[in-house]
Amino acid sequence: MKQKILEMESYAQEKNVPIIEKKSIAFIMKYIKDNNIKSVLELGSAIGYSAILMASSREDVTVTTIERDEERYMECLKNVKACGLDKKINVVFQDAMEVNLSEDLKYDLIFIDAAKGQYKRFFEKYKYFLKENGTIITDNIKFHGYVGKSQKIESKNLKSLVEKIEDYIEFLKDNEEFDTLFYDIGDGLSVSKWKNEKK
Ligand code: SAH
Ligand code: MG
């Protein structure tokens, strides 16, 4: 398993797959242990790196992870099998905006790590699949240090993407349903929970 993780890290580097930073996944694994998390929904599997580490952070946790890119999905399936985690990880090959989960499925943790420009849409769609006491964690809210500096970015595509992440942060800060903490770990993480009023 350790060897497989190292292999996945080199594969990601070679093929330019944006897997989570070590400090960030360590934070999430600890969060899963400390908060009795038993079910995780991940948006954006890539090659399964974060899903595999989340699934191995507790004996009794299961992970459903969604990926829309076929090559990555196949690679993810292969890695999950190689780690012997196919009973704990369910990999779904679909666009997360098009997935129809059964309404009575609820998760302890939703990890948003798919298309950065769509974070708000993912949040609004998937909050209904979060348990009352559940948590939504989002990765890359610093986006390589660009977030907060969009005005100075010249490339149109990058600027628009960074602006969307900046909007997402404002959306979380002003949110009437969720309280969010922001962590300067790795590429930036946000941790959102339903406000106390919702019971
Ligand atoms: N969580 C992974 C990294 C994910 S990278 C890890 O840390 O190991 C982001 C992935 O999200 C990419 O593989 C991309 O193909 C996928 N993605 C982007 N938008 C998506 C969408 N709408 N639905 C499903 N997957 C998506
Ligand atoms: Mg990420």
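Keep in mind that the numbers below use all heavy atoms, side chains included, and drop hydrogens, waters and symmetry copies. Atoms within each ligand, like the ligands themselves, are counted from 1 in listed order.
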Under 4.0 Å from one or more heavy atoms of I20, ligand 1 contributes atoms 6 (C), 7 (O)
Discussion item. Can you tell me if, anywhere in D187, an N/O/S atom lies at a distance from the Mg ion (ligand 2) that is smaller than 2.8 Å?
Written reply: no
I19 heavy atoms within 4.0 Å reach ligand 1 at atoms 6 (C), 7 (O), 8 (O)
Atom 25 (N) of ligand 1 sits nearest the protein heavy atom R68 N, 3.3 Å
Heteroatom distance test (A96, ligand 1): nitrogen or oxygen, under 3.5 angstrom: yes
Judged by heavy atoms only, the candidate from S50, G44, A115, A51 nearest atom 19 (N) of ligand 1 is A115
For I137 and V191 the tightest heavy-atom approach is CG1-CG2, 4.1 Å
So is G48 touching ligand 1 or not, going by heavy atoms under 4.0 Å? no
*Fit a plane to each ring of F123 and F178, take the angle between them on a 0 to 90° scale, and name the class: parallel (under 30°), tilted (30 to 60°) or perpendicular (over 60°).*
perpendicular
Q.
Pairs of nitrogen or oxygen atoms closer than 3.5 Å, one from K116 and one from ligand 1: do any exist?
A. no
- request: Please find out if the Mg ion (ligand 2) and some N, O or S atom of E21 are separated by less than 2.8 Å.
  value: no
Quick look: F122 vs ligand 1, heavy-atom contacts under 4.0 Å, and the answer is side chain
Smallest heavy-atom separation, I37 atom then R58 atom, equals O-CD, 3.1 Å
_D69 N/O to ligand 1 N/O under 3.5 Å_ = no
Heavy-atom gap E98 to ligand 1 smaller than 4.0 Å: no
Short version for R72: what comes under 4.0 Å of ligand 1, heavy atoms counted, is side chain
Per-atom filter on ligand 1: closer than 4.0 angstrom to a heavy atom of A114 are 11 (O), 17 (N), 18 (C), 19 (N), 20 (C), 26 (C)
Can you tell me if, anywhere in N140, an N/O/S atom lies at a distance from the Mg ion (ligand 2) that is smaller than 2.8 Å? yes
The answer for which part of E42 has a heavy atom under 4.0 Å from ligand 1 is side chain
request  = Return the orientation label for the Y146 and H144 ring planes: parallel under 30°, perpendicular over 60°, tilted otherwise.
outcome  = perpendicular
Ligand 1 to D95, heavy atom cutoff 4.0 Å, flagged ligand atoms 21 (C), 22 (N), 23 (N)
